[in-house]
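The shown structure was predicted, so the numbers you read here are calculated from the model rather than taken from an experiment. Quick note on labels: first sequence line is chain A, next is B, and so on, each numbered from 1.
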Amino acid sequence: MTNFSNGRSGSRRRSFLKPTEDPLWLKLLLGAVTIGFIAILLLLPLALVFKEALAGGLGGFWKSITEPDALASVRLSLIAAAIAVPLNTVFGIAAAWAIAKYDFRGKTFLVTLIDLPFSVSPVVAGLIYVLVFGMQGWLGPTLADHDIHILFALPGIVLVTVFVTFPFVARELIPLMVDQGRDEEEAAATLGATGFQTFLRVTLPNIKWGLLYGILLCNARALGEFGAVSVVSGHIRGVTNTMPLHVQLLYDNYDYAGAFTVAALLAMLALVTLALKSLLEWRYADELAAAHRH
Amino acid sequence: MSAIGLKLFPLRSRHVLPGFRLSLGFTLFYLAGIVLVPLLALLIRPVELGFGGFADAISTPRVLASLRLSFGTALAAAVIDSGFGLIIAWVLVRYRFPGKGLLDAVIDLPFALPTAVAGIALSTLYAPNGWVGSLLAEYGIRVAYTPWGVLVAMVFIALPFTVRTVQPVMAELGLEVEEAAATLGATRIQTIARVVIPMLGPAVLTGMAMAFARAAGEYGSIIFIAGNIPAVSEIAPLLIVTKLEQYDYAGASAIGVVMLAASFVMLLALNGLQSWAAKRR
Amino acid sequence: MKRVLSLLVAAGIFTATTAQADVTLLNVSYDPTRELYKDLGAAFAAEYKADKITINTSNGGSGAQARAVIDGLQADVLTLALAADIDAVSKNAGVLPADWQKRLPQNSAPYTSTIVFLVRKGNPWKIKDWNDLVKPGIQVVTPNPKTSGGARWAYLAAWAFAEKTPGGSDQKAKDFVGNLYKHVPVLDTGARGSTVTFTKRGIGDVLLSWENEAHLALKESPGQYEIVYPSRSILAEPPVAVVDKNVDRHKTSAAAEAFVKFLYTPAAQEIEARDFYRPRNQEILAKYKGQFPTIPLATVDGDFGGWAKAQSTHFGDGGVFDQIYQPGK
């Protein structure tokens with residue numbers, strides 16, 4: 001890893017240093033800082049998760065993973081993501097379409113509001129749904145009369161997941177679709193295509209990789225959310241514990257091997273996300289918006 | 001809501017493209033249902049306290065300490081991450097070396113890794129008997145279960161935001177200015193310090209603001225490592241949960257309103273930064 | 001929103017029907033009973049013939065759990081740390097009658113417990129009794145009495161100790177307990193959180209713990225901790241109750257009633273004793289007497305005028321605890 005050379009110059013002659021190339025000592029210093037910082041801050045925790053998960057061998061790992069409550073938490077997390085991600089995808093497309101293809105006043109403010117959930121603390125996200133759907137809140141008593149339960153059940157978990165992953169697809173698509181303008185769509189419309197046809201045949205092919213990218217990030221966050229779900233879950237073992245909550249439960253139950261096993265499963269999902277994300281960035285860099293990073 | 005509704009009428013009465021009403025209508029409906037109405041529930045809850053009660057609820061020593069910890073440490077983490085983010089982005093953009101793609105990909109780990117996983121991993125790592133904690137313990141430094149633990153967790157979760165905002169801007173910088181500076185006799189260090197870094201200013205600030213917003217609201221990874229000692233290492237989001245569990249809805253909401261106001265201010269600041277950056281390009 | 005809701009509701013119904021081919025009870029319990037109710041639930045499921053029973057459990061600080069039920073958590077059975085928390089559910093949510101505690105024998109508490117000290121190996125600070133906890137430099141770990149039941153029992157035990165010490169008075173007890181909480185660096189929401197703080201995080205010199213939780217910590221990490229029985233403590237009676245309105249709605253009344261009655265049977269009492277809870281059944285208690293030393297125990301009814309009074313005097317808003325515990329000052 002010490003063999004740093006300038007990515008732009010391509011010249012490796014040491015006698016003649018281009019003016020835009022850093023001296024070797026600086027390259028080594030910055031390279032070492034980067035690698036050291038990433039290794040200690042990011043890779044060490046990751047390594048620890050897998051080491052602790054495999055402390056009981058592969059057999060122990062398998063046993064912890066196939067334990068019914070662990071499986072239930074996996075199932076719940078997948079269901080919550082499977083509802084939240086499509087909802088936010090539809091929303092993201094609608095919002096990006098409205099913002100990119102038409103002119104109206106208050107657009108900037110609308111974009112700010114769409115971004116809002118991103119900077120709201122997850123705990124606040126949970127709290128607001130307690131205030132709306134709790135028995136001490138706005139709708140709780142009315143809903144309970146009709147035997148509808150939002151809090152401490154799947155709907156509440158889905159709602160907070162929708163909230164915390166709210167902007168992900170929209171943020172990805174808005175700059176992308178603004179960039180692409182509206183000429184192609186307007187041409188299609190002039191030629192008699194319906195709105196839906198225009199979207200399907202003209203817009204979608206242009207945004208598909210950006211859309212996928214947004215869905216990927218949205219899904220990662222949906223599977224991993226902890227704080228907001230923790231507030232509304234009720235922590236019923238095997239019923240309303242998502243994977244991250246199950247990690248905490250096992251950790252508090254002195255079952256460190258079990259906690260790290262579920263943690264390792266989540267870490268693997270995170271690695272898959274990173275791999276797919278890198279693949280998309282590498283393969284379809286041009287089709288992703290320039291300002292696409294979360 | 002009505003104020004926004006009034007503002008959002010189209011400038012042109014007719015659009016070539018169909019679907020304006022449908023797409024904007026759905027967007028506003030969904031935004032209101034998922035985000036705005038629930039947030040309204042938060043905003044009006046502390047009303048039952050009255051203004052004096054609200055001020056009292058957020059000015060107890062414990063609440064103030066938690067707000068100071070959350071925002072102060074988040075600021076420190078954002079500054080640290082901005083420094084390292086600048087270095088990491090520089091290395092990733094300007095140098096070529098084996099394994100660079102992998103290094104680049106791994107930057108987003110804190111974003112993709114669920115916070116609870118980060119929490120148990122970091123607290124195990126930095127506990128007095130952990131890999132890093134045991135080394136630090138020899139020098140009498142305790143990280144886990146102290147405010148330093150909060151800082152470590154925040155530095156961890158906020159790193160991608162600083163790297164990822166600086167990196168694309170850095171990649172677009174032309175080399176001409178640097179060449180010119182060198183021609184005029186500036187050393188390489190002078191060029192970087194006086195020419196390159198100032199050009200990255202808006203991006204660095206944007207990244208710092210995003211890192212700050214994320215770190216200040218963070219809950220999952222911190223509660224495992226902080227020790228959660230009231231008035232010492234108890235973050236504001238945890239105090240919200242504690243108040244909620246104590247049946248103190250108004251108190252919890254009061255802290256929530258403060259956190260929400262802070263995030264809204266950060267968003268507006270970010271918007272300002274972005275338009276500033278756009279103008280400078 | 002309607003569209004979202006209907007989707008969500010549809011999903012909810014889907015999961016509910018797949019999981020509900022049999023009778024499912026939700027037991028909302030206090031923090032340290034995670035292991036106990038896992039064992040008891042399995043035993044009950046094996047014994048109960050009318051339906052195929054699944055018992056789901058949620059654990060947390062007793063007060064926090066009561067708050068969740070008040071907020072709509074659909075508990076069929078409440079097994080909390082103290083009567084005041086079930087009183088709060090009855091009063092604020094109206095899902096069970098105010099006289100719930102008279103419906104089962106012995107104050108509706110199938111087992112009892114008490115508060116003990118857990119110290120580090122070798123007892124380096126020579127902690128023997130409540131007096132030793134307020135010596136300079138000693139750090140005491142106990143949960144938040146606002147959310148935890150065990151913490152409230154511990155608080156009352158300390159209070160009773162100070163009051164019954166020769167020359168003791170209400171004011172002296174208040175001073176003693178106030179001083180005690182100055183030695184507390186961290187208040188977790190539940191008993192298990194405090195145990196993790198003391199054991200895993202290495203914070204504090206002594207943990208004020210449920211007797212059962214202390215024994216479990218010994219079992220989990222042998223040789224690292226010791227249990228100290230103070231000169232006097234308190235008789236903790238964690239009660240159980242069926243949540244009438246919820247079981248009516250869920251049509252789980254028969255199973256829930258059978259479950260709480262089961263907790264008094266010899267088979268269940270044996271499991272409780274094995275998990276270090278003091279069984280009511282005298283024969284089984286005698287069999288396990290080695291692990292349950294006899295010390296003088298104060299009672300809430302005898303020494304504090306019952307839970308309703310103790311709760312409002314000590315733990316209500318602006319109560320004694322609020323007066324003595326002000327972190328950051």
Side-chain angles (χ1 to χ4, degrees), chain A residues 1 3-5 7 19-20 22-23 27 30-31 33-34 37 41-42 45 48-49 91 94-95 97-98 101-106 112-113 115 117 119-124 127-129 131-132 138 162-163 185-186 189 195 220 224 226-227 244 247-248 251 259 263 266-267 270 273-274 278 293, chain B residues 4 7-8 10-11 15-20 23-24 26-27 30-31 34-35 38-39 41-42 45 84 87-88 91 94-97 105-106 108-109 112-117 120-122 124-125 156 164 175 178-179 182 188 213 217 219-220 237 240-241 249 252 256 259-260 263 266-267 271:
Chain A
M1 292 288 233
N3 186 19
F4 289 95
S5 66
T20 54
D22 293 346
K27 284 186 194 168
L30 295 184
V33 168
T34 295
F37 189 73
L41 189 72
L42 305 186
L48 178 99
V49 168
F91 163 74
W97 180 268
K101 306 297 175 194
Y102 310 103
D103 296 312
F104 54 89
R105 262 181 247 169
T112 305
L113 286 179
D115 272 349
S119 57
V120 169
S121 174
V123 167
V124 174
L127 175 67
I128 60 179
Y129 285 98
L131 295 179
V132 174
W138 282 356
V162 168
F163 184 95
E185 282 84 1
E186 285 180 350
F226 175 80
V247 169
Q248 185 194 28
Y251 190 77
L266 285 164
T273 302
L274 290 187
S278 298
R293 317 278 186 170
Chain B
I4 308 160
K7 272 186 177 175
L8 292 171
L11 292 177
H15 294 283
V16 180
L17 279 175
F20 175 72
S23 62
L24 188 64
F26 177 71
T27 299
Y30 192 75
L31 180 71
I34 299 288
V35 180
L39 283 178
L42 173 70
R45 189 77 195 206
F84 280 102
I87 294 173
I88 293 169
V91 168
R94 290 298 178 92
Y95 302 166
R96 187 183 290 168
F97 54 94
V106 100
D108 283 320
L109 183 72
L113 195 68
T115 53
V117 177
I120 65 168
L122 289 174
T124 307
L125 210 52
F156 177 88
R164 294 309 190 208
L175 293 178
E178 290 170 51
E179 278 163 6
R188 183 67 186 141
Y219 174 75
I240 293 178
V241 173
Y249 294 88
M259 302 283 305
L260 182 67
S263 29
M266 286 315 293
L267 265 184
N271 273 358

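- The part of A/Leu127 that comes within reach of chain B is its side chain, from C-beta onward, which places non-hydrogen atoms under 4.5 angstrom from that chain.
- When all heavy atoms of A/Ser121 and B/Gly217 are compared, the pair lying nearest together is OG-O, 2.7 Å.
- Contact check for B/Met266 versus A/Ser119: no side-chain heavy atoms found under the 4.5 Å cut-off.
- Two residues are said to be in side-chain contact when any heavy atoms from C-beta on lie closer than 4.5 Å; A/Tyr129 and B/Leu42 fail this criterion.
- Both the backbone and the side chain of B/Ile88 come within contact range of chain A, with heavy atoms under 4.5 Å apart.
- Applying the ring-ring contact (aromatic ring centres under 6.0 Å, His included) rule to A/Phe163 yields no partners; only residues at least two apart in sequence or on another chain are considered.
- Side-chain contact between A/Leu113 and B/Val35: absent, with no pair of heavy atoms (C-beta onward) separated by less than 4.5 Å.
- In this structure a side-chain-to-backbone donor-acceptor pair under 3.5 Å is present from A/Tyr102 to B/Phe20.
- Within the 4.5 angstrom heavy-atom criterion, atoms from both the backbone and the side chain of A/Val120 approach chain B.
- When each of B/Pro114, B/Ala252, B/Ala116, B/Ala105 is scored by its heavy-atom pairs under 4.5 Å with chain A, the top score falls to B/Pro114.
- Per-residue counts of heavy-atom pairs under 4.5 Å with chain B were compared for A/Gly195, A/Ala263, A/Ala189; the largest is that of A/Ala263.
- The structure places OG1 of A/Thr34 at 6.5 Å from CD1 of B/Ile87, a figure rounded to the nearest 0.5 Å.
- Among B/Leu31, B/Thr115, B/Leu260, B/Val241, the residue making the largest number of heavy-atom pairs under 4.5 Å with chain A is B/Leu31.
- In this structure, the portion of A/Phe37 lying under 4.5 Å from any heavy atom of chain B is its side chain and not its backbone.
- Between A/Glu185 and B/Leu17, the closest heavy-atom pair is O-CD2, 3.4 Å.
- The candidate with the highest count of non-hydrogen atom pairs below 4.5 Å against chain B, out of A/Val132, A/Leu41, A/Thr273, A/Val247, is A/Leu41.
- Ranked by heavy-atom pairs under 4.5 Å with chain A, the first of B/Ile120, B/Leu39, B/Leu113 is B/Ile120.
- For A/Thr112, the parts lying near chain B are the backbone and the side chain together; criterion is any non-hydrogen pair under 4.5 Å.
- In plain terms, the two heavy atoms of B/Ala112 and A/Ala270 that are nearest each other are O-CB, 3.5 Å.
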Steps toward side chain to side chain contact (heavy atoms under 4.5 Å, CB included) verdict (B/Thr27, A/Trp97): CA-CA 10 Å; B/Thr27 299; A/Trp97 180 268; over 6 Å; no
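- Comparing A/Pro45, A/Pro244, A/Pro117, A/Ala259 by heavy-atom pairs within less than 4.5 Å of chain B, the highest count is held by A/Pro45.
- Residues B/Val106 and A/Leu42 come closest through the heavy atom pair O-CD1, 3.5 Å.
- With chain A as partner, the option from B/Ala121, B/Gly19, B/Gly220, B/Pro38 having the largest number of non-hydrogen pairs under 4.5 angstrom is B/Pro38.
- With a 4.5 angstrom heavy-atom cutoff, B/Met259 touches chain A only via side-chain atoms.
- When the ring-ring contact (aromatic ring centres under 6.0 Å, His included) test is applied to B/Phe156, no partner is found at least two apart in sequence or on another chain.
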